[in-house]
Structure formats: structure tokens, C-alpha cells
Amino acid sequence: MLVVRSAGALRAARSESAAPVGFVPTMGYLHEGHLSLVHAARAECRMVVASIFVNPTQFAPGEDFERYPRDEPHDLALLEGAGVDLVFVPPVEELYSPGDTTRVTVSALSHMLEGARRPGHFDGVATVVAKLFHIVRPDRAYFGQKDAQQLAVIRHMTRDLLLPVTVVGCPTVREPDGLACSSRNVYLSAEQRAQAVALSGGLRAAEAAFAAGERDAEVLRRVARAPIEARPLASIDYLSLADAELLTEIQGRVTGPVLLSMAVAFGATHLLDNTTLRP
Ligand code: AMP
């Protein structure tokens, strides 16, 4: 496994003859969720490239950019064990030169849900993924359904900018009790960690109601909220039942596929989870 830190070295190492090239962008502090993306890429591609980059432009001032967990040696060992060929670990200046001012905005999908909670977040995400796609030139790129709005933004950005990349969405990997794997789970106290099972509990409750025939959007939202509201340390940032493509909030009855998504705060830590309900 080769580790490179400059765009020039990445371009030189990316073999032209190794198509298809699969790409897994990450912010590091890797867990089983990240590795599932690597496994999917490894199964489908001749060359697998991963990146580790904590992207400053997707963090607002006062968010956790400085204290975001980092452990590069451990990450590199995990990537090597998972069969990655090439890892790109650029310093910030490699992707954002002095005076950098260009941003990619996926207008219709960036201002609700996580975008309302974190203004500018998806501009940072779309911008860094566009830069990474430009440098790595992957045939296929792998993202987690765990960050469903991010996946939707990247799909639209790739299509709108005519980028020759197939975006592959992969299922959410969970801890044994149902909590979605996340680099930010390390921020949780033992008590918060125990109560965080309520996110997946809310999703499973809504899935059960949906399977039993419930189609009223407000009732489904209420069913999903109940297990979370029962946990004293949890505070719901938002809980949404939205059109799975457009991310617009559903009123009345559910007729097509919908994304049930939520952000829940435990102290300063905000956890995300979601599921898709299909009639
Ligand atoms: P991050 O390092 O948080 O930027 O995540 C890098 C990639 O891993 C993104 O495509 C995430 O959606 C994906 N990812 C994060 N957590 C999970 C998970 N629990 N299951 C599957 N994919 C995940």
C-alpha cells in the first residue's frame, strides 16, 4: 500500500491500466462503516484508493474541526488490512491553496435538514469531493447511506457537473446494539452511549408501524420520536420524513419512497441516523 500526500504523487501513482479505480473518501478515525466501503470497492474494482482528510470547509466556526478525532497510523493499518492500494493523505494546503475561494453548491438539496443545522456544510462537502474526484479520477466512488443527505448531494453534484464517476451508496454499518458506527461516537460518555440506542430504536419502531400499514407522515414521525424523547440525555435537533429524492418534507400520506432521518444531540455531540421506507 502506497501512502502519498501530494496531488502530483497521487496522479503519478494512479495506474492508468488499473481500471476500474474505486475511491473511498474519509475523514479518518476509521471504523467498520468505513471499512465496509473499502470492501465494496475491493470487490468491484482493480485498484482501490482511499483518502484521509479532515476537511475544514465543511466545519463551521465553533464546530469540532480542531478536536475531530485523528489516528493516522491506526487508520493506515486498517486500510492496508482491508486491501487498499493507494492512500491520499493531503495536508490542508494541498487542497486549499492561499486565496482559495471557489465553492460548489448543490442548491436544492443543501439547505434543509443537516444543511439547516450546519449552514455551509454541504458546500464544503461538495467542494472537497469535487476536488478529490478531480485529483483521483475514480471510475467508482463509495459513500455511506448513513449520511443520506450527503450521498444525495454528491449524486446530484456528480450528475450536474458531468463527472464521469459512478457514485455507489452502501448500507449503514451498526454496533451490535443498533447504534450506527460513527467516528464521533467516541465523544459519548458511558451514559450517553447507552441512551444513543434510541436513534435506531426510533427508526425500527417507525419501520414496524410502516410495515403494519401506517402511512400518515405525522404519525410515523411521532412513532420515531417516542423512544428518543423517553431518553433524558437525548435532544432531537430534527426528525424528518421527506421525499427520498428531493428531501422535501412529506405532509399527509406517504405514497412513494421516503427518507426518515434524524439528528439527535447528546450534549455537544450530534448523532445522525436514517432509514428509507418504501411502500
Ligand atoms: P466520514 O469519515 O465520517 O466523512 O465518512 C466517510 C464515509 O464513510 C462517508 O461516505 C460516510 O457516509 C461513510 N460512513 C460513515 N459511517 C458509516 C456507517 N456506519 N456505515 C456505512 N458507512 C459509513
Side-chain angles (χ1 to χ4, degrees), residues 22-44 48-59 63-65 67-72 74-76 78-79 82 84 87-90 92 95 106 109 113-115 118 121-133 136 138 140-158 165-188 193 196-197 199-200 203 259 261-264 269-276:
F23 179 43
V24 180
T26 81
M27 298 205 300
Y29 213 72
L30 303 180
H31 50 65
E32 286 300 323
H34 298 110
L35 297 180
S36 74
L37 308 181
V38 172
H39 297 320
R42 189 70 279 167
E44 296 175 354
V48 177
V49 183
S51 62
I52 301 171
F53 182 65
V54 184
N55 173 37
T57 63
Q58 69 189 72
F59 291 79
E63 288 188 347
D64 57 346
F65 174 69
R67 70 183 186 109
Y68 193 84
R70 292 163 168 90
D71 188 348
E72 187 185 308
H74 188 238
D75 288 346
L76 294 178
L78 289 176
L79 292 174
V84 168
V87 187
F88 185 39
V89 195
V92 170
L95 294 191
V106 181
L109 294 178
L113 306 175
E114 277 298 284
R118 306 179 70 186
H121 171 68
F122 288 114
D123 293 357
V125 169
T127 300
V128 79
V129 172
K131 287 176 190 258
L132 289 167
F133 279 7
V136 175
R140 300 170 70 78
Y142 296 80
F143 295 87
Q145 180 67 34
K146 152 89 171 14
D147 299 288
Q149 188 175 9
Q150 169 173 283
L151 176 58
V153 164
I154 289 164
R155 282 193 199 284
H156 275 255
M157 186 268 294
T158 304
V165 181
T166 300
V167 174
V168 182
C170 299
T172 300
V173 175
R174 297 177 179 282
E175 303 288 349
D177 70 352
L179 177 67
C181 298
S182 166
S183 306
R184 290 190 169 100
N185 290 350
V186 296
Y187 295 152
L188 299 172
R193 172 65 189 82
V197 68
L199 280 81
S200 60
L203 298 177
L259 178 72
S261 67
M262 60 177 75
V264 177
T269 305
H270 300 265
L271 303 181
L272 308 186
D273 208 342
N274 70 82
T275 188
T276 302

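Numbering of ligands and ligand atoms starts at 1, following listing order. Small disclaimer: the values here were computed from a predicted structure and weren't measured.
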- [ ] Determine whether any heavy atom of Glu32 lies closer than 4.0 Å to an atom of ligand 1.
- [x] no
TODO: State if Gln145 counts as touching ligand 1 under the rule of any non-hydrogen atom under 4.0 Å.
DONE: no
Which of the ligand 1 atoms, numbered from 1, are nearer than 4.0 Å to a heavy atom of [X]:
X: His31; result: 15 (C), 16 (N), 17 (C)
X: Pro25; result: 6 (C), 7 (C)
X: Gln150; result: 9 (C), 10 (O)
X: Lys146; result: 16 (N), 17 (C), 18 (C)

Location of contacts on [X] toward ligand 1, heavy atoms closer than 4.0 Å:
X: Pro171; value: backbone
X: Leu37; value: side chain
X: Ser183; value: neither

- [ ] State, without any angle test, whether Arg70 and Tyr68 hold a side-chain donor-acceptor pair at a distance under 3.5 Å.
- [x] no
- [ ] Calculate, to the nearest 0.5 Å, the distance between atoms CG and CD belonging to Leu109 and Gln150 respectively.
- [x] 12.5 Å
For [Y], is there any backbone N or O sitting under 3.5 Å from a side-chain donor or acceptor partner on [X]?
X: His121; Y: Gln58; value: yes
X: Asp75; Y: Leu30; value: yes
X: Thr26; Y: Ser51; value: yes
X: Thr127; Y: Gly124; value: no

Any N or O of [X] that comes nearer than 3.5 Å to an N or O of ligand 1?
X: Val173; result: yes
X: Met27; result: yes
X: Gly144; result: yes
X: Phe143; result: no

Open item on the list: Just to confirm my output: which protein heavy-atom neighbour is closest to atom 14 (N) of ligand 1, and how far is it?
Closed with: Asp147 OD2, 4.2 Å
- [ ] Distance to 0.1 Å, residue and atom name: give those for the protein heavy atom nearest to atom 5 (O) of ligand 1.
- [x] His34 NE2, 3.4 Å
Open item on the list: Taking Arg184 first and then Asp64, would you say they form a salt bridge - that is, a charged N and a carboxylate O separated by under 4.0 Å?
Closed with: yes
Open item on the list: Under a 4.0 Å threshold between the charged nitrogen and the carboxylate oxygen, would Arg118 count as salt-bridged to Asp123?
Closed with: no
Open item on the list: Check for me whether Arg67 meets the cation-pi criterion with Tyr187, that is, NZ or CZ under 6.0 Å from the six-membered ring centre and within 45 degrees of the ring axis.
Closed with: yes
Task: CZ/Phe53: more than 12 non-hydrogen atoms of other groups inside 6.0 Å - done: yes
Open item on the list: Heavy atoms only: which of Cys181, Gly33, Ser51 lies closest to atom 19 (N) of ligand 1?
Closed with: Cys181
